[in-house]
Amino acid sequence: MAHEVTLIPGDGTGPELIEATRRVLEATGVELQWDRQEAGEDVYEAEGNPFPDRTLESLRRTKVGIKGPTTTPVGSGFRSVNVLLRKELDLYACIRPCKAYEGVRTRFPETDIVIVRENTEDLYAGIEYEEGTEDNARLRAFLAELGANVREDSGISIKPISIFGSERIVEHAFQYAKANDRRKVTAVHKANIMKFSDGLFLRTAREVAERHPDVEFEDRIVDNLCNQLVSRPGEYDVIVLPNPYGDIVSDLGAGMIGGLGLAPGGNIGTQAAVFEATHGSAPKYKGLNKVNPTALMLSGALMLRHLDEREAGDRVEAAIAEVIRKGERVTYDLKESRDDPSAVGTSEFADAVIEELS
Ligand code: NAD
């Protein structure tokens with residue numbers, strides 16, 4: 001039976017990246033039925049809404065989507081489509097594998113980690129009180145009653161971390177480790193300083209780990225983790241982190257494997273799963289058939305595995321790895337020099353991957 005998948009091209013370079021990815025996924029022979037839906041800047045300009053209800057309804061129905069990047073205007077305009085998606089579909093786990101493929105220039109060739117980031121809580125929960133407002137003053141007065149004096153000219157962001165949120169993200173990390181033959185889970189925190197938020201995360205992680213004695217478990221303080229990742233990346237495997245640390249360490253991981261063009265992602269929730277690259281819409285390259293589709297294609301491989309098409313997902317990853325290893329038909333960012341005239345375009349990179357698949 002065909003898998004129905006919501007296909008969201010997004011904006012900027014999104015449509016060309018999605019097209020390249022769609023062709024590769026279809027070349028696996030897995031039957032995929034696409035429900036193409038819009039999100040982002042282009043549909044905002046046409047309809048005044050960057051995230052139409054029909055797109056959300058499609059995702060609720062198919063329960064799985066693949067999405068090109070979408071632009072978020074800075075300061076004004078519309079809210080981030082990704083934040084809306086995360087909230088509406090409770091996409092609580094962000095999975096970001098970072099693997100250094102042979103043929104990519106990196107000082108960290110042994111990197112093969114999977115970052116599991118909590119997506120809904122902590123400092124990114126959006127509970128903020130602007131400096132100079134009445135709510136800010138009321139909150140500071142309340143805190144003063146509790147003996148905590150906050151300077152009058154402070155902006156305040158709240159950092160909620162729950163047992164519920166910590167338990168489900170750490171459990172997800174262990175389930176991912178088991179399903180993907182990973183040997184170890186590392187929980188990351190700053191519990192030495194933030195005893196009641198990060199401390200709760202760590203305590204809960206330890207409790208969850210006890211349920212999974214077949215997977216090794218350890219914890220690291222976040223600053224120490226960053227230091228160790230760049231000195232001994234081979235020692236790390238699945239890494240589970242609260243929201244902001246996960247955000248930052250994801251980009252560190254992307255840098256370690258050779259750049260944003262290579263870093264895939266999946267946002268998994270209780271109602272649906274949406275797969276997309278770590279990078280943004282790279283608007284300056286829009287329509288140029290130039291940027292690297294690897295990150296979105298690898299996100300597609302994650303999607304196939306999520307759909308229980310593991311063998312097809314593994315084949316897509318192996319085909320991409322082979323094209324990169326050969327280093328001939330790759331995009332500009334994977335060449336020794338960025339203006340190497342032998343670099344191919346987005347679409348030709350897809351052709352090379354499809355040839356490897358067949
Ligand atoms: P970006 O990731 O779009 O691009 C930054 C730079 O990284 C590009 O100029 C390019 O040099 C490089 N790059 C990115 N993707 C690449 C690829 N596939 N191949 C080769 N090189 C690549 O980051 P930005 O410029 O900060 O953001 C642009 C827009 O994208 C913003 O509006 C931002 O909000 C949005 N964004 C969206 C998502 C998403 O939809 N998931 C994620 C991040 C940023």
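- Salt bridge annotation for Glu311-Arg315: present, with a cationic side-chain nitrogen under 4.0 angstrom from a carboxylate oxygen.
- Looking only at side-chain heavy atoms (C-beta outward), Tyr124 and Asn119 stay at 4.5 Å or farther from each other.
- We find the CZ-CZ distance between Phe217 and Arg211 to be 12.0 Å, quoted to the nearest 0.5 Å.
- Two residues are said to be in side-chain contact when any heavy atoms from C-beta on lie closer than 4.5 Å; Arg338 and Asp333 meet this criterion.
- In this structure, Glu4 pairs ionically with Arg61, as a charged nitrogen and a carboxylate oxygen lie closer than 4.0 Å.
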*Report the C-alpha separation of Arg329 and Asp351 in whole Å, then their side-chain angles, then the decisive distance to 0.1 Å, and conclude whether the salt bridge (Lys or Arg N to Asp or Glu O under 4.0 Å) test is met.*
CA-CA 9 Å; Arg329 298 160 74 188; Asp351 295 339; 5.6 Å; no
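- A donor-acceptor contact shorter than 3.5 Å links the side chain of Ser299 to the backbone of Gly265.
- Between Thr70 and Pro50 there is no side-chain heavy-atom pair separated by less than 4.5 Å.
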*Could you walk me through whether Leu302 and Leu298 pass side-chain contact (heavy atoms from CB on, under 4.5 Å), step by step?*
CA-CA 6 Å; Leu302 290 177; Leu298 288 172; 6.0 Å; no
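- Judged purely by atom type and a 3.5 angstrom limit, Thr6 has no side-chain atom pairing as donor or acceptor with the backbone of Gly65.
- Cluster membership for Val222 and Phe201, using ILVMFWY side-chain heavy atoms within less than 4.5 angstrom, is not shared.
- Both Ile18 and Val64 belong to a single network of hydrophobic side chains, linked directly or stepwise wherever heavy atoms of I, L, V, M, F, W or Y lie under 4.5 Å apart.
- Expressed to the nearest 0.5 Å, how far CZ of Arg117 lies from CD1 of Ile169 amounts to 10.0 Å.
- At least one donor-acceptor pair closer than 3.5 Å links the side chain of Asn136 to the backbone N or O of Ser154.
- Of the charged side-chain nitrogens involved, none lies within less than 4.0 Å of a carboxylate oxygen, so that Arg138 and Glu134 do not count as a salt-bridged pair.
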*Asp35 and Thr62: side chain to side chain donor-acceptor pair (under 3.5 Å), yes or no, with the steps?*
CA-CA 9 Å; Asp35 182 17; Thr62 64; over 6 Å; no
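- No donor-acceptor contact under 3.5 angstrom links the side chains of Thr133 and Asp135, judged on distance only.
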*Should Phe349 and Thr294 be marked as a side-chain contact (heavy atoms from CB on, under 4.5 Å) after you check the CA-CA gap, both sets of side-chain angles, and the distance that decides it?*
CA-CA 9 Å; Phe349 184 96; Thr294 297; 3.2 Å; yes
*Could you give me the CA-CA distance, side-chain angles and deciding distance for Phe275 and Val5, then say whether side-chain contact (heavy atoms from CB on, under 4.5 Å) is met?*
CA-CA 11 Å; Phe275 296 85; Val5 173; over 6 Å; no
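- A salt bridge links Glu47 and Arg54; the closest N-O separation between the charged side-chain nitrogens and carboxylate oxygens is under 4.0 Å.
- Ser166 and Thr204 share no side-chain donor-acceptor pair at under 3.5 Å.
- Of the charged side-chain nitrogens involved, none lies within less than 4.0 Å of a carboxylate oxygen, so that Arg203 and Asp219 do not count as a salt-bridged pair.
- Under a hydrophobic clustering in which Ile, Leu, Val, Met, Phe, Trp and Tyr are joined whenever their side-chain heavy atoms come within less than 4.5 Å, directly or via other members, Ile248 and Val116 fall into different clusters.
- Under the 4.5 Å side-chain heavy-atom criterion for Ile, Leu, Val, Met, Phe, Trp and Tyr, Val323 and Leu17 are members of the same hydrophobic cluster.
- With hydrogens and angles ignored, the 3.5 Å screen pairs a side-chain donor or acceptor of Thr346 with a backbone N or O of Lys290.
- A donor-acceptor contact closer than 3.5 angstrom is absent between the side chains of Tyr44 and Asp11.
- Residues Arg310 and Asn180 bring a donor and an acceptor atom of their side chains to less than 3.5 Å of each other.
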*Between Arg305 and Glu317, is a salt bridge (Lys or Arg N to Asp or Glu O under 4.0 Å) present by the stated rule, with each step listed?*
CA-CA 11 Å; Arg305 292 181 189 124; Glu317 184 177 352; 2.7 Å; yes
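- In this structure, Lys190 is not positioned above the aromatic face of Tyr245 in the sense of NZ or CZ being under 6.0 Å from the six-membered ring centre and within 45° of the axis.
- Checked by atom type and distance alone, the side chain of Glu16 pairs as donor or acceptor with a backbone atom of Asn289 at under 3.5 Å.
- Between the side chain of Lys159 and the backbone N or O of Asp198 there is no donor-acceptor pair closer than 3.5 Å.
- In summary, Arg183 and Asp237 engage in a salt bridge, as defined by a charged side-chain N under 4.0 Å from a carboxylate O.
- A salt bridge is defined here as a Lys NZ or Arg NE, NH1 or NH2 lying under 4.0 Å from an Asp or Glu carboxylate O, and Glu356 with Arg325 fails to meet this definition.
- The existence of a salt bridge linking Arg22 and Glu19 is confirmed by a sub-4.0 Å separation between a basic side-chain nitrogen and an acidic carboxylate oxygen.
- Thr331 places no side-chain N or O within donor-acceptor distance of the main-chain N or O of Val291, the cut-off being under 3.5 Å.
- Note: His212 and Phe174 meet the aromatic proximity criterion, with ring centroids under 6.0 Å apart.
- Looking at Asp214 and Lys178, a side-chain N of the basic residue comes within less than 4.0 Å of a carboxylate O on the acidic one, giving a salt bridge.
- Here CG of Leu262 is found 9.0 Å from NE2 of His279. Values are rounded to the nearest 0.5 Å.
- Atom CZ of residue Arg220 and atom CD of residue Gln228 lie 5.0 Å apart, to the nearest 0.5 angstrom.
- Annotation: the span from Leu200 atom CG to Met194 atom CE amounts to 13.0 Å, rounded to 0.5 Å.
- Heavy atoms of other residues, nucleotides or ligands lying less than 6.0 angstrom from CZ of Arg105 number more than 12.
- Under the 4.5 Å side-chain heavy-atom criterion for Ile, Leu, Val, Met, Phe, Trp and Tyr, Leu252 and Ile113 are members of the same hydrophobic cluster.
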Return all side-chain donor-acceptor pairs below 3.5 angstrom for residues 81-100, not counting sequence neighbours, or 'none' if the list is empty.
residue, atom, partner, partner atom, Å
Asn82, OD1, Lys67, NZ, 2.9
Glu88, OE1, Arg60, NH2, 3.3
Asp90, OD1, Arg168, NH2, 3.1
Asp90, OD2, Arg168, NH1, 3.0
Asp90, OD2, Thr270, OG1, 3.2
Tyr92, OH, His172, ND1, 3.4
Arg96, NE, Thr278, OG1, 3.4
Arg96, NH1, Ser250, OG, 3.4

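- Note: Ile158 CD1 to Asp122 CG = 11.5 Å, rounded to the nearest 0.5 Å.
- Residue Glu130 qualifies as open at atom CD: its count of foreign heavy atoms under 6.0 Å is 12 or below.
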_side-chain contact (heavy atoms from CB on, under 4.5 Å) between Arg182 and Val215, worked out_ = CA-CA 8 Å; Arg182 296 273 174 169; Val215 180; over 6 Å; no
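- Side-chain contact between Leu229 and Val249 is present, with at least one heavy-atom pair separated by less than 4.5 Å.
- Looking at heavy atoms from C-beta onward, Val24 lies in side-chain contact with Ile354 at the 4.5 angstrom threshold.
- Annotation: side chain of Glu26 is in contact with side chain of Trp34 (closest heavy-atom distance under 4.5 Å).
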